[in-house]
Chemist: 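Quick one: the structure is below, and I'll ask about it shortly.
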Number of protein chains: 2
Amino acid sequence: MQVADELFYARGLHAVGIDEIIAKSGAAKATLYAHFPTKDDLIAAYLQQRSAAWRDYLDTTLATYTDRPRERIDAIFRVLADRCGAADFRGCPFVNAAAEYPDPRHPARLVVAAQRQWVRGLFRDAAREARLRQPEALADQLVLLYDSALVGSHLMGTAKPATRAREAARVLVAAGGTKSR
Amino acid sequence: MQVADELFYARGLHAVGIDEIIAKSGAAKATLYAHFPTKDDLIAAYLQQRSAAWRDYLDTTLATYTDRPRERIDAIFRVLADRCGAADFRGCPFVNAAAEYPDPRHPARLVVAAQRQWVRGLFRDAAREARLRQPEALADQLVLLYDSALVGSHLMGTAKPATRAREAARVLVAAGGTKSR
DNA sequence: ACAATCAGACAGACCTGTCTGTATATATGC
DNA sequence: GCATATATACAGACAGGTCTGTCTGATTGT
């Protein structure tokens, strides 16, 4: 599973075949299929694991901001920028998976959708706790910036877009979720 | 080429094979390979064509805003939201391609990079002409929102993220490219 | 003994790219 | 106008590799 995780993230879901995962992990094919009946199941499990790991990490990091929702929002973007600057960063595994699997009913897409709900929940809760006007609209906008930090940093090959997203998020939070003009 | 365009966009680059394109287009394999020596060449051509078409469309649409740079920025997001609401919308072909081809030197990625440079140029030029403070930083932020409109609308299956991106862009433009606080 | 895993062969489908001979459209020369 | 040459496209077979998933018999761990 660890090998699949690395290969899928680094190279793409279609680009990595079962045989390569097996060769690199040392597992037997029958064992892999015993645990994951199809490749789609393996992919969904890979995404689920990524989702769970990211959630755990963010939950832990944000725990110190429980009573400071505005700073919590900024912290999310700080953590994100750190992630985007990591040596193995290759974009958002969820966005990447959605690009490769257009069908919203695909098992991978279900994991992606759930993950996005969770992220949006982070922002919505923080916006509410900060008593910002229109927390729902602001949450939506912050999710946009979250996405774009990941996508932009991937495409540009630097973490600069994540930094920019963080700055933009500050502007939006400062504006309090107002629809401009 | 038209068939390849539709299939690649709708289903993904790896998911569509040469034989399927041939079967659906009525062309002979030898003809296809006469025009495009490898599948990668075909993919790059597909993206190039998408890029050129989008540029032409945006250039035409924005021509009426030549002397109104602020409104031009908003118009970009309006056009984008229209696109995201189209029945055949399946995310950003360029972001999708980057997800499937991690190597920045891949032919597809070169087209993607050029396309992104062009988009950023649109925003930077408009920000300069509008005499906004920090046009470069603002352009970066607007590109982020542009990306996120596309990605978000794809993942959510509605054009609502594009609408939200437009609102956020207005906030950023109103703030004039300020780094918050 | 049983459960889990392994090594590795297999099946059938699909993939990219190569090749041959044929067909069609167009241009050129007489 | 007709014959010929050339350019372009076609039908389809082929090669070799890769893919996902199935299966068998053997091995290892508890």
Side-chain angles (χ1 to χ4, degrees), chain A residues 1-50 90 93-94 96-112, chain B residues 1-50 90 93-94 96-112:
Chain A
M1 188 65 222
Q2 159 99 8
V3 168
D5 180 88
E6 286 164 11
L7 288 171
F8 279 152
Y9 183 62
R11 302 253 303 281
L13 305 175
H14 280 99
V16 177
I18 294 285
D19 279 345
E20 189 175 357
I21 292 167
I22 280 159
K24 292 208 168 132
S25 67
K29 193 177 278 193
T31 306
L32 184 71
Y33 278 104
H35 290 274
F36 308 102
T38 65
K39 185 180 177 182
D40 285 346
D41 293 324
L42 179 62
I43 286 168
Y46 147 69
L47 291 168
Q48 189 65 254
Q49 184 177 268
R50 282 256 163 181
R90 228 280 286 174
F94 309 104
N96 291 344
E100 294 206 49
Y101 290 94
D103 182 1
R105 295 159 302 183
H106 189 278
R109 291 294 296 273
L110 302 180
V111 181
V112 171
Chain B
M1 188 67 221
Q2 160 99 5
V3 169
D5 181 86
E6 287 164 13
L7 289 171
F8 280 151
Y9 183 62
R11 304 252 301 283
L13 305 175
H14 281 100
V16 176
I18 293 284
D19 279 345
E20 189 175 358
I21 291 166
I22 280 160
K24 291 204 168 134
S25 67
K29 193 176 279 195
T31 305
L32 185 71
Y33 278 103
H35 289 275
F36 307 103
T38 64
K39 185 180 176 181
D40 285 346
D41 294 322
L42 179 63
I43 286 168
Y46 147 71
L47 291 168
Q48 189 64 253
Q49 183 178 270
R50 282 258 163 179
R90 228 279 285 173
F94 308 106
N96 290 345
E100 293 205 51
Y101 290 95
D103 181 0
R105 295 159 303 183
H106 188 279
R109 290 296 293 274
L110 302 181
V111 181
V112 171

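A quick note: this is a predicted structure, and the numbers were derived from the prediction, not measured. Heavy-atom basis, side chains included; hydrogens, waters and symmetry copies ignored. Naming: A, B, ... by sequence-line order, numbering from 1 per chain.
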Chemist: Just jot down the side-chain hydrogen bond (donor to acceptor under 3.5 Å, both in side chains) partners of A:E6, sequence neighbours excluded, or say none.
Modeler: A:Q2

Chemist: Measuring to OP1 and OP2 of C:dA4, would you say a side-chain N or O of A:H35 lies under 4.0 angstrom away?
Modeler: no

Chemist: Write out a two-atom table: protein N or O, nucleotide N or O from nucleotides 16-21 of chain C, distance below 3.5 Å.
Modeler:
| from | atom 1 | to | atom 2 | distance (Å) |
| --- | --- | --- | --- | --- |
| C:dT16 | OP1 | B:K39 | NZ | 2.7 |
| C:dT16 | OP2 | B:I18 | N | 2.6 |
| C:dG17 | OP2 | B:Y33 | OH | 3.4 |
| C:dG17 | OP2 | B:K39 | N | 2.7 |
| C:dG17 | N7 | B:K29 | NZ | 3.4 |
| C:dG17 | O6 | B:K29 | NZ | 2.6 |

Chemist: Taking side-chain hydrogen bond (donor to acceptor under 3.5 Å, both in side chains) as the test, write out the residues that go with A:T38, two or more places apart.
Modeler: A:D41

Chemist: Can you check side-chain contact (heavy atoms from CB on, under 4.5 Å) on A:F8 and A:I21, steps first, answer last?
Modeler: CA-CA 9 Å; A:F8 279 152; A:I21 292 167; 3.7 Å; yes

Chemist: Measure CD1/A:I22 against C1'/D:dT20 and give the value in whole Å, please.
Modeler: 10 Å

Chemist: What's the CD-P distance between A:E20 and D:dT18, to the nearest Å?
Modeler: 10 Å

Chemist: With a cut-off of less than 4.0 Å, is there a side-chain N or O of A:T31 near OP1 or OP2 of C:dA4?
Modeler: no

Chemist: If we only count heavy atoms from C-beta on, is the A:V3 to A:E20 side-chain gap below 4.5 Å?
Modeler: no

Chemist: Quick check: do A:L13 and A:Y46 have side-chain heavy atoms less than 4.5 Å from each other?
Modeler: yes

Chemist: B:L32 has an atom CG; how far is it from atom P of D:dG12, in whole Å?
Modeler: 17 Å

Chemist: Whole angstrom is fine here: how far is it from CD1 in B:I43 over to P in C:dC15?
Modeler: 13 Å

Chemist: Any donor and acceptor pair, going by atom type alone, linking the side chain of B:R90 with main-chain N or O of B:Y9 inside 3.5 Å?
Modeler: yes

